[in-house]
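The structure appears below as structure tokens.
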Amino acid sequence: MVEVLPERLRDIYKALSNINRLKLLQFCSEKELTVAQISQKLNISYTLTSEYVTALERHGFVKKTKKPDNSVGVKSLVKFKETGEFELK
């Protein structure tokens, strides 16, 4: 079993403690979306959305890809179950 340092665990909980970050994960678990599309769905700024994506990527919850048009695609690595539970893919 891998030991998780308390600081790392705190940072993971912090990354998941924001309702918009959780919504972002759910939106992007259904299909890949761009940062612009996510910001529209969440009704928040592009900059804030980008910061959320970066925080979630740092902890392995999303994967970013650069598109040919220079937009950034985001795909959630979290699988949501009908029961409300979730797991990393």
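Panel note: side chain Gln37, backbone Thr34; a donor-acceptor pair is recorded below 3.5 Å.
Here the closest non-hydrogen pair linking Ala15 and Leu56 is O-CD2, 3.9 Å. Between Ala36 and Ser39 the shortest heavy-atom distance is O-OG, 2.9 Å.
Counting heavy-atom neighbours within 6.0 Å of Lys63 NZ, excluding the residue itself, gives a total of 12 or less.
Under the 4.5 Å side-chain criterion, counting only non-hydrogen atoms from C-beta, Glu32 is not in contact with Val74. Using a 4.5 Å heavy-atom cutoff, the side chains of Ile38 and Cys28 are in contact. Two residues are said to be in side-chain contact when any heavy atoms from C-beta on lie closer than 4.5 Å; Val53 and Lys64 meet this criterion. Using a 4.5 Å heavy-atom threshold, the side chains of Lys75 and Thr65 count as separate. Leu25 has its side chain out of reach of Ser29: every pair of non-hydrogen atoms, C-beta onward, lies at least 4.5 Å apart. Taking 4.5 Å as the limit, every side-chain heavy atom of Lys14 sits out of range of all side-chain heavy atoms of Leu16. Residues Val62 and Leu77 fail the side-chain proximity criterion, which asks for heavy atoms closer than 4.5 Å.
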Inset, instruction - Begin from the C-alpha positions of Ser76 and Gln26 and carry the test side-chain hydrogen bond (donor to acceptor under 3.5 Å, both in side chains) through to its verdict. - result: CA-CA 7 Å; Ser76 176; Gln26 189 171 17; over 6 Å; no
Inset, instruction - Decide yes or no on side chain to side chain contact (heavy atoms under 4.5 Å, CB included) for Asp11 and His59, but give the supporting numbers first. - result: CA-CA 8 Å; Asp11 292 343; His59 297 293; 3.6 Å; yes
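The CZ atom of Arg21 sits 8.0 Å away from atom CG of Leu48, with the distance rounded to the nearest 0.5 Å. A distance of 9.5 Å separates CG of Asn43 from CG of Asn20, quoted to the nearest 0.5 Å.
A search for salt bridge (Lys or Arg N to Asp or Glu O under 4.0 Å) contacts involving Lys66 returns nothing, not counting sequence neighbours.
Within the structure, every pair that satisfies the side chain to side chain donor-acceptor pair (under 3.5 Å) test and touches residues 46-56, not counting sequence neighbours, is listed here: Asn18-Tyr52.
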